[in-house]
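Before any comments, here is the structure.
In what follows, chains carry the letters A, B, and so on, assigned in the order in which the sequence lines appear, proteins first and then strands, with residues in each chain numbered from 1. Everything quoted here is computed from the prediction, not taken from an experiment.
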Amino acid sequence: MTLNEKDATVAQEGKPARKDGAQSRNAIDFAIRFGFIGLLVGLVIFFSLAADGFSSPRSAVFIFQSVAITGILALGVTFTLVVGGFDLSIGSVATSSMMLSAYVMVVLEQSAFVAIVACLVMGAVIGFINGVLIVKTKVPDLLATLGMMFLLVGLQRIPTEGRSIATGMTLPDGSTANGTFSPFFLQMGRHRFDLVLENLLPISVVFLLVIGVLVWGFLELTRHGRLMYAIGSNERAASLTGTNVNAYKIVAYMFSGVLASVGGMLLAARLGRGDIASGTNLLLDAVAAALIGFAVLGAAKPNAFGTAMGALFVGILLQGLTMMNAPYYTQDFVKGAVLVVALVFTFSLSGRKAGGH
Amino acid sequence: MQEAACRIDRVEKAFGDNRVLKDITLDLPAGTVTVLMGANGAGKSTLVKILSGVHSKDSGTIRLSGSEFRPETPADAIRAGIVTVHQNINDGVIPDLDVASNLMIDRLAENSYGFLLKRSKLFKAAEDIARRMDLPVNVRRPVSDYSIADRQLIAIARALSHDPKLLILDEPTSSLSASEAERLFSYIERMRAEGVAVLYISHRMSDIRRIADRIVSMRDGEISGVFEGENLDYEGAVNAMLGHRMTDVGIVVPEQGKAVAELSDIRLIPTAKSFSLTLRENEIVVVTGLLGSGKTALAQALFGLHPVHAGSIRLDGQAYRPKSPGEAVARGVFMSPKDRANNAVIRDFDITRNMTVPFLRRYAGLSFVNRGAERAKARDMIDALSIVCQSERDDISTLSGGNQQKVMLARWLAQQCRLLVLDEPFQGVDIRARRDIGHKIRETAGNRATLVMVAELDEALEIADRIIVFSEHAVVAEFRNENVNPNDILTAVAGFAAANQTVQAA
């Protein structure tokens, strides 16, 4: 059969031909949609059998707690991915927020409220600057936020000349810092609610769940979320429908900055000090979670639910490996490998789906 | 006439259901400049891409000096002797590299070149090419030091260094001044004298008059006319390109309503003449003209994408100077842009979501989108425009071009507006969808002014109450679409284009 004849038959019997193709495509569709969830369930079962004590409520809560901060950062990065951008500065925004909250309370001896407001404002301002760099001065998103990342890594160490912040530390001018972390602030990182078992549910997990639901609702249910997706899919088309593309992009980076600063505050509250050595893994983990989220339910696009599942996936994987006594250096390798597999899932399989109409 | 350097025989090409080239048979004789004309979507760029190895043909044969030519890649085509200079000069040269590397870059890309760069040999070979081509450049300087015209000539010189049998130039003068273009023409004449077949794609009448030995017009994927001989029939060629198969759509020009938009003494760009135009309710005004005549610039100015250079616009009697599409939409001026794939379709969205993007606010309470309401509206629009789909939740990419275009139209017809601007609404649309779209535009025209930009005359005749001919960013003629002689319009389109081009060249 020549190509022309084949075309002709397809044209004549367009519907039946499409039906046949649809069956094999359904299988691929199914794999794309539920492959990742299946993998997650498989992982849980595997670790439950292989690692003693993995399948207990405490272990589950520990996983949730370990993913809470990463998850919140990943939800922020999801916003920038939705508008077709990327934010590499989230990790250093989070550590800057940790240092700032410690500085405000320990060195400046201010209340928790002041510290929280200062951190949120800082996150929003950094996000705003990122956004303006990208939409107004046309610096590519990766480069603008990479620059911001380096800038913040340095900036957060200037006030204390590179030292961690804790009560009783010696300041650059020779005096001693007498402030303390307010108990209320520390509660944000350490309090646990009773749920079935006593002291089961850490407050950071509640933060993650609430923020996750809010972000999901914003992106999926509101017109602003819809327009952000439109911008990410075809920026020019979105602007030609009268959408204020620049404003939405800037707002997306501001959300990213604010959520990163929330993550940083939770980290500070958990540690009880401004530790310059903490938070180095935040960027990689959060980005991995958000990108893995592309593959969840075959969305092939950034989405809040997928991001949360991605964070959970990374958390389960690391917790399981830890409980199986895998050395720490294998964990980054496994994380990277999972990320690559998830990206293959997203871009090659769903690309085939889109291309095969 | 000499032997054919390139013989295209019954070549066909389809993208999905869309037959872009239908049974193309064409000889390109050696030592002859063949000008290829065709409106957007006529298939000329597809033909060029097949010749230059970017696309493969579905059927038919191409023979090059008698032997069959089946390029798999652009490199195959160059080796076989078909070289192409693309329209966008930035595709042709790499500004940061020196001239020598640019002249030799396709040699560098050949596997046989070896691993190491031989700089002195490279410069020497490049100097040879430059000397042979009379290229007044220093091959050691970066291309970014040179003007656009020089860059174009560098790209062409590289193409010619392969001793091509067929040279394809895609709108080469679009970024050149008259004197720069003249330099290009003298090169082309030398190539012609050396026996190269030249395929020259252009819409500029001055270019065509200057260089053409024969003119081939394409339309809807077919060769619609070949003109050669002593006195080339330029008007005939334009006629064949734009076409005016009389259609059975009987237009009855209705009673016009009150003036909606009044454009006074508008100059779209500093070099253009000024014009005035009044758009009324219940009237469809079609702006037609050749590519680059400023139709899109007018549409974009009305939609707030860039300001007009001079003049004023009044909308319903009030001053109208939109600074953004958002402002235009708020004032009730909607525009559906041309080139829907780049400018309109949101590929990740389904039909419903594509339709509701501009007016999400109407389906949202406290910013939360009421999905039921938007889907109901989408179903209404799907029925109204007879969009062929399974449901309103189908992905936009599963629809044919015509149905995608209907969705784009539905996006703007879903709400009342004062002025609806449609830039090339029939682009990449089959005849049936074109009728549907045309009917819908006329049917809904009652309470608004409608401005439609089309390049093809029969499309204009199908829907217009009034036809405006645009050239050089200004109105050059106006016709009421009743008993109008299409040839008069064509004369205006072609004639004025030619006259103005001559003025500019002088």
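The closest side-chain donor-acceptor pair between B:N403 and B:S400 falls under 3.5 angstrom. Side chain to side chain, B:D395 and B:S397 fail the donor-acceptor criterion of an N or O pair below 3.5 Å. No hydrogens or angles considered: nothing links the side chains of B:E392 and B:T352 as a donor-acceptor pair under 3.5 Å. Between the side chains of A:T145 and A:N130, not a single donor N or O lies within less than 3.5 Å of an accepting N or O.
Between chain A and the residues B:M408, B:E374, B:E327, the most heavy-atom pairs under 4.5 angstrom are made by B:E374. When the candidates B:P337, B:P358, B:S367, B:P325 are compared by the number of heavy-atom contacts under 4.5 Å with chain A, B:S367 comes out ahead. Taking chain B as the reference chain and counting heavy-atom pairs below 4.5 Å, the highest number among A:K301, A:R226, A:E235, A:E220 is found for A:R226. With respect to chain A, the highest number of heavy-atom pairs below 4.5 Å among B:N342, B:N354, B:V329 belongs to B:N342.
For the pair A:S256 (side chain) and A:A252 (backbone), a donor-acceptor distance under 3.5 Å is absent.
Residues B:D316 and B:R418 are paired through a salt bridge, judged by an N-O separation under 4.0 Å between the basic side chain and the carboxylate.
Heavy atoms of B:R371 lying under 4.5 Å from chain A belong exclusively to its side chain. For B:F368, the parts lying under 4.5 angstrom from a heavy atom of chain A are both the backbone and the side chain. For B:R411, the part lying near chain A is the side chain, with the backbone staying farther off; criterion is any non-hydrogen pair under 4.5 Å. Of the atoms belonging to B:L366, not a single heavy atom falls under 4.5 Å from chain A. There is no contact between B:S336 and chain A, counting heavy-atom distances below 4.5 Å. Of the atoms belonging to B:Q300, it is side-chain heavy atoms, and not backbone ones, that fall under 4.5 Å from chain A.
In this structure, the ring of A:F255 has its center less than 6.0 angstrom from the ring center of A:F218.
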